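What you see is a predicted model, and the numbers here were worked out from it, not measured in a lab. Values below: every heavy atom of this structure, side chains too, minus hydrogens, waters and symmetry copies. Every chain is numbered from 1, with letters handed out A, B, ... down the list of sequences.
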Number of protein chains: 2
Amino acid sequence: MNINKPAPVVYLVDDEFSVRDSLRLLIESTGQTVSSFESAEAFLKSYDNKEPGCLLLDIRMPSMNGLELQEELLKRKISIPIIFLSGHAGIPDSAKAFRSGAVDFLEKPFDNEILLERIEEAIKKDIASRNLSNERLLIQNRLDALTLREHEVLSLVVCGYSNKEIAKMLGISNRTVEAHRARIMEKMQAESLADLIVMARHSEVLSSN
Amino acid sequence: MNINKPAPVVYLVDDEFSVRDSLRLLIESTGQTVSSFESAEAFLKSYDNKEPGCLLLDIRMPSMNGLELQEELLKRKISIPIIFLSGHAGIPDSAKAFRSGAVDFLEKPFDNEILLERIEEAIKKDIASRNLSNERLLIQNRLDALTLREHEVLSLVVCGYSNKEIAKMLGISNRTVEAHRARIMEKMQAESLADLIVMARHSEVLSSN
DNA sequence: CCGGGAATAGGTATTTATACGTATTGTTTG
DNA sequence: CAAACAATACGTATAAATACCTATTCCCGG
């Protein structure tokens with residue numbers, strides 16, 4: 001039972017070596033782990049989404065720029081929180097970044113303290129969102145193990161119908177419904193109806209974000 | 001049963017008459033209702049939060065500026081979606097606005113089509129968030145009508161305990177638990193356990209936003 | 001001070017759900 | 001093709017929940 005709690009990583013993508021170098025120093029001074037890349041492509045190639053973290057991303061870069069990388073990450077459903085760093089960008093870029101979910105958008109030169117604050121904030125966010133999606137994944141896996149019939153029964157159960165009603169609706173016997181229900185509870189690892197309902201809703205309501 | 005479905009209102013706060021005038025024309029041409037104000041203060045005074053809508057807000061104004069109004073609205077827990085309009089603002093203002101929840105931040109001159117799109121988006125957002133909070137309010141009101149004891153029973157019920165277990169935990173008889181439970185179902189207007197659980201969770205998890 | 005609501009408890013009858021165990025009929029798949 | 005699994009069904013017994021009564025005690029506000 002040796003759970004590996006992975007340490008957060010601050011990814012840093014900037015084409016200028018001097019920026020990477022000085023930011024690395026700054027951030028490592030707080031005990032954070034830093035992983036630098038000189039291009040969006042290099043980041044994409046090596047990012048493995050295993051550890052929580054955040055991404056410090058320069059806007060203007062040769063080849064793929066910051067906003068393009070953000071889009072690419074969205075496309076790939078990689079949801080690492082992004083803090084943009086810009087030398088000289090305009091409102092449209094900033095707006096684009098935020099509307100695509102950026103955590104912040106800092107103009108160089110920026111206050112180091114603020115950057116460090118935002119990094120912490122972003123990492124917290126990522127950890128929270130990872131926890132959420134891990135939970136969802138667990139539940140989803142269990143749901144996926146249900147048979148078609150069990151799915152039908154489950155949805156009627158969470159709608160509040162009694163076994164009798166469900167039996168009538170599906171045109172099967174009472175006992176069969178009970179059998180399905182028992183299997184569902186087992187497969188979903190639910191200890192009570194309340195449990196089951198919460199889990200079932202969980203996956204339905206993909207809610208906000 | 002004459003339900004008044006209130007029409008959305010586009011609030012427009014800008015100190016320049018010419019801007020108010022031309023935007024009003026533009027927006028009204030799509031059939032939207034517009035309500036203009038020449039200052040943040042004037043808006044605050046007359047805004048009543050009855051209708052859904054959105055707020056087109058100039059950044060730079062004499063006296064209270066756009067960002068200050070946004071903060072004031074946050075303080076007052078008024079959550080109307082804001083689209084900022086700026087003549088010459090910088091990234092810091094834009095970032096501040098977005099981090100405080102702005103829907104968009106457009107630089108003048110902006111593309112009319114984009115503005116209209118964002119207005120629609122913002123209104124949809126407001127309607128959705130109003131629906132959500134109305135639901136929550138309804139449920140909260142019902143929860144508030146529960147007695148202390150009923151609250152205790154409810155939380156044990158949603159944790160999945162049976163009446164028997166609950167009775168033991170609270171040191172009362174089985175019947176009494178059942179009586180409470182029946183009252184709870186009645187007061188919460190729940191038609192089934194599933195219903196009840198969903199409602200109870202609803203208020204617990206104040207979730208995202 | 002009295003009425004009403006909260007909290008408690010009992011009784012009885014009915015309905016539901018759960019927990020055992022067994023069995024048949026299809027599909028699917030190694 | 002045989003084994004595995006899904007979907008179906010029955011029986012019996014127990015446990016739990018629901019419905020519908022009544023009743024006592026305590027405390028609060030009009």
Distance-only side-chain donor-acceptor flag, B:Asn163 / B:Arg175, under 3.5 Å: no
Phosphate-side-chain proximity, B:Thr176 and C:dT8, N/O vs OP1/OP2 below 4.0 Å: no
Under 3.5 Å: donor-acceptor pair, side chain of A:Lys96, backbone of A:Leu67: no
Phosphate OP1/OP2 of D:dC5: any A:Thr147 side-chain N/O under 4.0 Å: no
Nearest-Å distance for atom pair CD/C1', residues A:Glu186 and D:dC5: 14 Å
Options D:dA7, C:dA9, C:dT8, nucleotide nearest the side-chain atoms of B:His180: C:dT8
Options D:dA7, C:dA7, C:dA9, nucleotide nearest the side-chain atoms of A:Glu150: D:dA7
Distance-only donor-acceptor check, side chains B:Asp144 and B:Gln140, under 3.5 Å: yes
Overall bend - the helix from C:dC1-D:dG30 to C:dG30-D:dC1, comparing terminal axes fitted on five pairs, nearest 10 degrees: 50°
Distance-only donor-acceptor check, side chains B:Glu41 and B:Ser63, under 3.5 Å: yes
Parallel, tilted or perpendicular: rings of A:Phe98 and A:Phe105 (30°, 60°): tilted
Nearest-Å distance for atom pair CG/C1', residues B:Leu154 and C:dA6: 17 Å
Whole angstrom value for the distance that separates P of D:dA7 from CD1 of A:Ile166: 15 Å
Summary of protein contacts for nucleotides 11-25 of chain D, nucleotide by nucleotide, where a base hit scores B, a sugar-phosphate-only hit scores S (4.0 Å, heavy atoms): BB---SSB-------
With B:Glu150, the side chain to side chain donor-acceptor pair (under 3.5 Å) member among B:Arg181, B:Lys187, B:His180: B:Lys187
Donor-acceptor contact below 3.5 Å, side chain A:Arg99 vs main chain B:Val103: yes
Whole-Å gap separating P (C:dA19) and CZ (A:Arg183): 14 Å
